[in-house]
Number of protein chains: 2
Amino acid sequence: MAYQRSPLMKKRLSDNRQQIKLAARRLIALGGFREASITAVAQNVGLSTGAIYRYFPSKAELFIEVLGDAVSHEVTILRGLLEGEGSPVDQLYAAVESFATRALKGPHLAYAFIAEPIDSDVEAARMAGRAQFIAVFEDILRAGIKRGFFPAQMPDVAAACIVGAFTEALIRPVAPAARPADDKKLVKAIASLCVRAAGVAISPVETTAKRVKPKR
Amino acid sequence: MAYQRSPLMKKRLSDNRQQIKLAARRLIALGGFREASITAVAQNVGLSTGAIYRYFPSKAELFIEVLGDAVSHEVTILRGLLEGEGSPVDQLYAAVESFATRALKGPHLAYAFIAEPIDSDVEAARMAGRAQFIAVFEDILRAGIKRGFFPAQMPDVAAACIVGAFTEALIRPVAPAARPADDKKLVKAIASLCVRAAGVAISPVETTAKRVKPKR
DNA sequence: TTTTTAAGTGAACTGTGATTCACTTATTGG
DNA sequence: CCAATAAGTGAATCACAGTTCACTTAAAAA
């Protein structure tokens, strides 16, 4: 006895799991959480409603996982940007630019993850995700402050502000309809503002990071 | 014939309407939209469930009106700050400070209005409300840019960023539990950052607005 | 091939809360 | 006081997804 699925079967199962998440993501990207009912997801994968529950205990869990994946994917990319040897000023600009550009590519997905209303379980997960983003920026700020690129400030508060700033500015063009002119320009404006917010005078990047006031 | 309610009766009716809105607001402030079911609202006013529908066609409508009232109240206050003769820099700082301070006083209410998930009808209203806020800041920025207090920038984008910045920074300490140390400090940090974001070098207020580069 | 276990099905069930509506009560006009 | 009309009641209804579950089908063990 001690039954166990063959490797091939195992794979099929875990593939299913993945497919379910992808389908959910796809539907969300298409029309927000509204579209992503369990039934719709099931149909999209080619499974029955009930089957979903073999893989996820509840809709909330499924969404939380989808959200989590997306967030950790984003965070990984952003953290990657911090590996390079650019100054914190450049890093900050680059991080915002990178996120904003991607967000504008997948409008609905970004909107769903940033702002669309859902039930509070999932909302909690979204908050947690946001906290992870904020942490990235907090790290940039801390480093920058220590090395004298940014003036002294509360890094946690400032990081929250910065994340709030670019997400808000992204939501409008990303929401249901409405999409303004030049994405490049928009991204630039947003990223510049974030750098200024951190305390770097005037514009960024072209200044290639002159220290504001070399600390000690 | 041609029946009409006596003035006294009329008043009572419109009072009821007001009471319903206040009750809804009260419940929201207490525990978010979750708590504000039609039945709960009705009980709170001392009316029956059905009676509510004499005054509002649907729950969504009621909430939208409550939200609208709150927003226009806020906007009026903020617009009031622009009457004074302070520089745009001071105005910007003052506006953020004013809003933030009030938001921290009514945590749940602010949270509900800024971030709590609800159905998409009401959400649309919230977006609209946000747009009104943003407009206030856009005006400040435009004026400031024209008069040389702020560097050239896209005022709509910058305004959105600024609103996003302070709301995000407000949400965390305002959300369900969690409330950090010093509100005053927090508000100061947020407001300063917003001013910097607009392009004013280093800190605000104490500089009492020196022109960055007197335009033309 | 037969038995055992797991995967998959989808119609029925459930919980929740908004909305309705037949009816009661209060107000207005004659 | 007696219609006529409107306000108010609250239990019943509705809507709608998420979730369950008795059953079917497929895959592993014997």
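Chain letters run A, B, ... following the sequence lines, proteins first and then strands; every chain starts at 1. Because only heavy atoms are used, hydrogens play no part in the values below, and waters and symmetry mates are left out as well, while side chains stay in.
- For the atom pair A/Gln132 CD and A/Arg79 CZ, the distance stands at 8.5 Å (nearest 0.5 Å).
- One can place CZ of B/Arg34 at 11 Å from C1' of C/dT16, the figure rounded to the nearest angstrom.
- Side-chain proximity of B/Ser58 to C/dT9, C/dT19, D/dA17: nearest is C/dT19.
- You'll find that the side chain of B/Asn16 is closest to D/dG8, out of C/dG10, D/dG18, D/dG8.
- One can place CD1 of A/Ile20 at 12 Å from P of C/dA7, the figure rounded to the nearest angstrom.
- The side chain of A/Leu47 lies closest to C/dT9 when the candidates are D/dG10, C/dT9, D/dG18.
- Each of A/Thr39 and A/Arg54 lies near DNA chain D, and the nucleotide nearest A/Thr39 is the one positioned closer to the 5' end.
- A/Tyr55 places its OH atom 7 Å from the P atom of C/dA7, with the value rounded to the nearest Å.
- For A/Ala51, counting side-chain heavy atoms from C-beta on, the closest listed nucleotide (C/dT9, C/dG10, C/dT19) is C/dT9.
- Between B/Glu35 atom CD and C/dT16 atom C1' the separation is 14 Å, expressed in whole Å.
- The side chain of A/Ile38 lies closest to D/dG18 when the candidates are D/dG10, D/dG18, C/dG10.
- Under the 4.5 Å side-chain criterion, counting only non-hydrogen atoms from C-beta, B/Val163 is not in contact with B/Val136.
- Counting to the nearest Å, the P atom of D/dT19 and the CZ atom of A/Phe63 are 10 Å from each other.
- Taking a cutoff of 4.0 Å between a charged side-chain nitrogen and a carboxylate oxygen, A/Asp183 and A/Lys105 do not qualify as a salt bridge.
- In A/Arg34, the CZ atom is not crowded: 12 or fewer heavy atoms of neighbouring residues, nucleotides or ligands sit closer than 6.0 Å.
- Here the nucleotide nearest the side chain of B/Tyr53, chosen from D/dG8, C/dT20, D/dA17, is C/dT20.
- Annotation: side chain of B/Phe137 is not in contact with side chain of B/Gln91 (no heavy-atom distance under 4.5 Å).
- Within 4.0 Å of A/Ser37, counting heavy atoms only, lie sugar-phosphate atoms of the nucleic acid but no base atom.
- Atom P of nucleotide D/dT9 and atom CD of B/Gln43 are separated by 12 Å, given to the nearest angstrom.
- Between the CD1 atom of B/Ile52 and the P atom of C/dT20 there is a distance of 14 Å, rounded to whole Å.
- Counting non-hydrogen atoms under 4.0 angstrom, B/Phe56 reaches nothing in the nucleic acid.
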